[in-house]
Chemist: 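Please read through the structure below; I'll follow up with questions.
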Amino acid sequence: MLDPRLLRTDLNAVASGLARRGFILDVSHIERLESERKEAQIEAERLQAERNSRSKAIGQAKARGEDVQPLLDEVASLGARMDAAKARFGAIAEQLDALMLQLPNIPHESVPDGADETGNAEIKRWGEPTRFGFEPKDHVTLGEGLNGNMDFAAGAKLAGSRFVVLKGDLARMHRALTQFMLNLHTGEHGYQEVYVPYMVNADSLRGTGQLPKFEEDLFRLDGESPYYLIPTAEVPVTNLVRDEILDLAGLPLKMVAHTPCFRSEAGSGGRDVRGMIRQHQFEKVELVQIVHPDHSFAALEELTGHAETVLERLGLPYRRMLLCAGDMGFGAAKTYDLEVWLPAQDTYREISSCSSFEAFQARRLQARFRNPEGKPELAHTLNGSGLAVGRTLVAVLENFQDEGGRIAIPEVLRPYMGGQTHLGA
RNA sequence: GGAGAGAUGGCCGAGAGGCCGAAGGCGCUCCCCUGCUAAGGGAGUACACCUCAAAAGGGUGUCGAGGGUUCGAAUCCCUCUCUCUCCGCCA
């Protein structure tokens, strides 16, 4: 959520910032609502103040043993007028709130213009795209070739399309990747590991911005309790600081969680129907930081670097993209995507997305810290995948294959796999 | 799942229709005092919003959440959520 004060004081700046995303703000509509709000609120509060003081007078008169009937008569019509004024204010405020919740974040000044992914800027490339002396196979062919250890038919039988079953050392490597990532981030990057619920309430999803706007992307449980399956660990982990006033000395807060993620993929139609790239359920190791506003963008560089280290240790070629204004997620002020090289697709594919939200989430979350003056101030939130485990598995398979379809296990994973050097060996 | 108890400020805890944004204590900040420390004395110490160019000032709301009764609700009524205790069941 944007700062409501900014909307009042500098609406045109907000409008031009949002326009960079292709979001057209109805300035005159907001101005009209805002002036109605002001008028209605003043009236409602004025009547409330009047009633409060009259009621107080009644109490005092009663205490003195005087007849209060004249005072009661005087106040009789006040209640109805007050209720009407409050109802009018409430209706306007509700409209404004609903509108506010629909507004995306304003892109940071360092974010380039652009309408879609063609406007993104490549700002770094690590490693060279893997080249083979043969036609590289895709991860589906490779995985199914490993004794059928990547089994989409089984996934479809158990659940439906966009599910997979992994078996044997393929399942083990999937787990090894998770372990490796968690150990790296906790051991070398200073993150605290957290274990969190995989189902959350609507408040949590509102806090991080998935609701109200993106309900169709979520799986909602049908039971008595209105739970949603988390689409990313960002939701439960970031919501740990909801309604908290943090100790300044405790910042930055750096947390890492490994969770499954559930996404309905509504609207992603025929995209990536083959393979493990786009599943309803996948594993992710997520990095979250809660920081002082002054350190927000330095922290983004740091966090993105942490995700990059995973790729570098695994030996996977990648590039870092700075997303343009039109391609960023709803709440992000600035986003880097990491894209890993996938030989079979002969292209880079997203494997991590790292964003600073500035105070956009913190304002919804009421996540604050106490500044040196003793006043609560909104913190900044960041998160990034470090990394998406399923896609990392795909990248390892495709980049570490040989002509016979054998897969070398990256050095850093071998300790997690009993020293094994190749899959299927 | 059954029975019961509870939710008040940073924390503990009083409060039972008006004098309550809320006693008292702890903690914290500032000041005084004792050579240092310990002890003691004094003052202060919630958050959000509105109004105002801003500050000052004024106003509104908030005692788990929402609704109701009343001129007036922390206090009475209803619904919900969460916590705790006991019983049952369970990885």
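Every chain is numbered from 1 and lettered A, B, ... according to where its sequence line falls, protein lines coming before strand lines.
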Chemist: Given the C1' atoms of B:G18 and B:C11, what is the spacing between them in whole Å?
Modeler: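 Rounded to whole Å, the distance is 30 Å.
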
Chemist: Quick one: side-chain contact (heavy atoms from CB on, under 4.5 Å) partners of A:Lys167, sequence neighbours excluded?
Modeler: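 Counting only residues at least two positions away or on another chain, A:Lys167 forms a side-chain contact (heavy atoms from CB on, under 4.5 Å) with A:Asn149, A:Asp151, A:Val165.
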
Chemist: I need the CG-C1' distance between A:Asp3 and B:C49, as an integer number of Å.
Modeler: 13 Å

Chemist: Listing time: all N or O pairs from protein to nucleotides 64-68 of chain B that are below 3.5 Å?
Modeler:
none

Chemist: Before giving the answer on side chain to side chain contact (heavy atoms under 4.5 Å, CB included), spell out for A:Met276 and A:Phe282 the whole-Å C-alpha distance, their side-chain angles and the decisive distance to 0.1 Å.
Modeler: CA-CA 9 Å; A:Met276 279 185 67; A:Phe282 62 97; over 6 Å; no

Chemist: Hey, could you give me the CG/CG distance between A:Leu18 and A:Asn105, rounded to the nearest 0.5 Å?
Modeler: 8.5 Å

Chemist: Side-chain donor-acceptor contacts of residues 174-182 of chain A below 3.5 Å, not counting sequence neighbours, with atom names and distances?
Modeler:
from: A:Thr178; atom 1: OG1; to: A:His174; atom 2: O; distance (Å): 3.1

Chemist: If the cut-off is 4.0 Å, is A:Arg46 near the phosphate of B:U51, judged by side-chain N/O to OP1 or OP2?
Modeler: no

Chemist: Flag the pair A:Tyr198 / A:Phe262 as yes when their ring centroid distance falls below 6.0 Å, and as no otherwise.
Modeler: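 No, the ring centres sit 6.0 Å or more apart.
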
Chemist: Quick one, A:Arg172 with A:Asp169, criterion salt bridge (Lys or Arg N to Asp or Glu O under 4.0 Å). Give me CA distance, side-chain angles, the key distance, then yes/no.
Modeler: CA-CA 5 Å; A:Arg172 188 177 187 183; A:Asp169 55 11; over 6 Å; no

Chemist: What interatomic distance, in whole Å, is found between P of B:G4 and the corresponding atom of B:C80?
Modeler: 15 Å

Chemist: Could you give all pairs that pass the salt bridge (charged side-chain N to carboxylate O under 4.0 Å, His left out) test and reach residues 103-112 of chain A, with sequence neighbours left out?
Modeler: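 Checked against salt bridge (charged side-chain N to carboxylate O under 4.0 Å, His left out) - neighbours excluded - no pair reaches residues 103-112 of chain A.
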
Chemist: Take the protein atom CD of A:Gln366 and the nucleotide atom C1' of B:C47, then report the distance between them rounded to whole Å.
Modeler: 9 Å

Chemist: May I have the distance from A:Leu72 (atom CG) to B:U70 (atom P), rounded to whole angstrom?
Modeler: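 Between P of B:U70 and CG of A:Leu72: 13 Å.
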
Chemist: Do any side-chain nitrogens or oxygens of A:Arg5 fall under 4.0 Å of OP1 or OP2 in B:C49?
Modeler: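 Yes, because at least one side-chain N or O of A:Arg5 sits under 4.0 Å from OP1 or OP2 of B:C49.
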
Chemist: From the options B:G61, B:A48, B:U51, select the nucleotide whose nearest atom is closest to the side chain of A:Pro376.
Modeler: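 Within the option list, the nearest is B:A48.
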
Chemist: In chain order, what residues pass the side-chain contact (heavy atoms from CB on, under 4.5 Å) check against A:Asp294, with sequence neighbours excluded?
Modeler: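 Partners of A:Asp294 by the side-chain contact (heavy atoms from CB on, under 4.5 Å) criterion, ordered by chain and then number, come out as A:His292.
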
Chemist: Reading RNA chain B from 5' onward, which residue's closest nucleotide shows up sooner: A:Arg54 or A:Glu50?
Modeler: A:Glu50

Chemist: Only stems of 3 or more consecutive Watson-Crick or G-U pairs count here, both distances under 3.5 Å; name the ones for RNA chain B, or none.
Modeler: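 Stem segments, range with range: B:1-7 with B:81-87, B:10-12 with B:24-26, B:27-32 with B:40-45, B:46-51 with B:57-62, B:64-68 with B:76-80.
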
Chemist: Can you classify the ring geometry of A:His189 versus A:Tyr191 as parallel (below 30°), tilted (30 to 60°) or perpendicular (above 60°)?
Modeler: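 Ring orientation of A:His189 relative to A:Tyr191: perpendicular.
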
Chemist: Can you tell me, in whole Å, how much space there is between the P of B:A38 and that of B:U29?
Modeler: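 Nearest-Å result for B:A38 against B:U29 at atom P: 13 Å.
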
Chemist: Heavy atoms only, 4.0 Å cut-off, all strands: where does A:Arg51 land among base, sugar-phosphate and nothing?
Modeler: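 Sugar-phosphate only.
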
Chemist: Pick the nucleotide of RNA chain B nearest each of A:Ala57 and A:Pro4; which residue has the one closer to the 5' end?
Modeler: A:Ala57

Chemist: What interatomic distance, in whole Å, is found between C1' of B:C20 and the corresponding atom of B:G68?
Modeler: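 These two C1' atoms come out 22 Å apart once rounded.
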
Chemist: With C1' as the reference atom in both, quote the distance from B:G24 to B:G13 in angstrom, rounded to an integer.
Modeler: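 Here B:G24 and B:G13 have their C1' atoms 8 Å from each other.
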
Chemist: Produce the list of close N/O pairs, under 3.5 Å, pairing protein atoms with atoms of nucleotides 52-57 of chain B; give distances to one decimal.
Modeler:
from: B:C52; atom 1: OP2; to: A:Lys38; atom 2: NZ; distance (Å): 3.1

Chemist: Which residues satisfy the side-chain contact (heavy atoms from CB on, under 4.5 Å) test with A:Gln48, sequence neighbours excluded?
Modeler: A:Arg51, A:Asn52, A:Met82, A:Lys86

Chemist: Whole angstrom is fine here: how far is it from CD in A:Gln41 over to P in B:G59?
Modeler: 16 Å

Chemist: At 4.0 Å (heavy atoms only), tell me whether A:Ile42 reaches a base, stays on the sugar-phosphate, or touches nothing.
Modeler: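 Counting heavy atoms under 4.0 Å across all strands, the contact made by A:Ile42 is with sugar-phosphate only.
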
Chemist: Regarding B:G18, can its base be found pairing with the side chain of A:Lys56 as donor and acceptor, where the two atoms are less than 3.5 Å apart?
Modeler: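 When only heavy-atom distances are counted, A:Lys56 does not reach the base of B:G18 through any donor-acceptor pair under 3.5 Å.
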
Chemist: Given salt bridge (Lys or Arg N to Asp or Glu O under 4.0 Å), test A:Glu301 with A:Arg320 step by step and report yes or no.
Modeler: CA-CA 11 Å; A:Glu301 300 299 322; A:Arg320 185 203 287 206; 3.1 Å; yes

Chemist: If the P atom of B:C19 is compared with that of B:G59, how far apart are they to the nearest Å?
Modeler: 15 Å

Chemist: If the condition is side-chain contact (heavy atoms from CB on, under 4.5 Å), which residues does A:Arg220 pass it with, not counting sequence neighbours?
Modeler: A:Glu215, A:Tyr228

Chemist: Using a strict heavy-atom distance below 4.0 Å, which residues from residues 77-86 of chain A are in contact with RNA chain B?
Modeler: none

Chemist: Measuring only the P atom in each nucleotide, how far is B:G9 from B:U79? A whole number of Å is fine.
Modeler: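 Their P atoms lie roughly 25 Å apart.
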
Chemist: Could you go through the side chain to side chain contact (heavy atoms under 4.5 Å, CB included) check for A:Leu71 and A:Arg54 one step at a time?
Modeler: CA-CA 8 Å; A:Leu71 287 167; A:Arg54 296 301 177 87; 5.8 Å; no

Chemist: Quick one: is A:Asn52 getting a side-chain N or O under 4.0 Å of the B:U60 phosphate, OP1 or OP2?
Modeler: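 A:Asn52 to B:U60 OP1/OP2: side-chain N or O found under 4.0 Å.
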
Chemist: Distance check needed: B:U70 P versus A:Ile58 CD1, whole Å only.
Modeler: 14 Å

Chemist: Measure from NZ on A:Lys62 to P on B:C71 and round the result to the nearest Å.
Modeler: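 That distance rounds to 10 Å.
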
Chemist: Rounded to whole Å, how long is the line connecting atom CZ of A:Phe89 with atom P of B:G59?
Modeler: 18 Å

Chemist: Determine which pairs satisfy salt bridge (charged side-chain N to carboxylate O under 4.0 Å, His left out) with at least one residue from residues 276-285 of chain A, sequence neighbours left out, and list them in order.
Modeler: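 Only A:Glu265-A:Arg278, A:Asp272-A:Arg278, A:Lys284-A:Glu286 qualify under salt bridge (charged side-chain N to carboxylate O under 4.0 Å, His left out).
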
Chemist: Compare the minimum distances between each of B:C47, B:C71, B:G59 and the side chain of A:Glu45, then state the nucleotide with the smallest one.
Modeler: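 From the listed options, B:G59 comes nearest.
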
Chemist: Just to be sure I understand the geometry, which residues of residues 239-250 of chain A put a non-hydrogen atom under 4.0 Å away from RNA chain B?
Modeler: none

Chemist: Give me the distance, rounded to whole Å, that separates B:U37 from B:C30 when you measure between the P atoms they each carry.
Modeler: 14 Å

Chemist: Determine the sole option in A:Ile290, A:Leu287, A:Val291 for which the side-chain contact (heavy atoms from CB on, under 4.5 Å) test with A:Leu382 is passed.
Modeler: A:Val291

Chemist: Between A:Thr381 and A:Gln361, do the side chains contain a donor N or O and an acceptor N or O under 3.5 Å apart?
Modeler: yes

Chemist: So which of A:Glu188, A:Glu308, A:Glu411 actually passes side chain to side chain donor-acceptor pair (under 3.5 Å) with A:Arg313?
Modeler: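 When A:Glu188, A:Glu308, A:Glu411 are each tested with A:Arg313, the side chain to side chain donor-acceptor pair (under 3.5 Å) holds only for A:Glu188.
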
Chemist: In plain terms, say whether A:Arg20 and A:Asp113 are close enough for a salt bridge, that is, a side-chain N and a carboxylate O under 4.0 Å apart.
Modeler: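 Counted as a salt bridge, because a side-chain N and a carboxylate O are separated by less than 4.0 Å.
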
Chemist: Measure from the side-chain N and O atoms of A:Glu398 to the backbone N and O of A:Ala344, and report whether any donor-acceptor pair falls under 3.5 Å.
Modeler: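 Checking the backbone N and O of A:Ala344 against the side chain of A:Glu398, a donor-acceptor pair under 3.5 Å is found.
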
Chemist: Distance check needed: B:C20 C1' versus A:Gln60 CD, whole Å only.
Modeler: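 My rounded result for the distance is 14 Å.
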
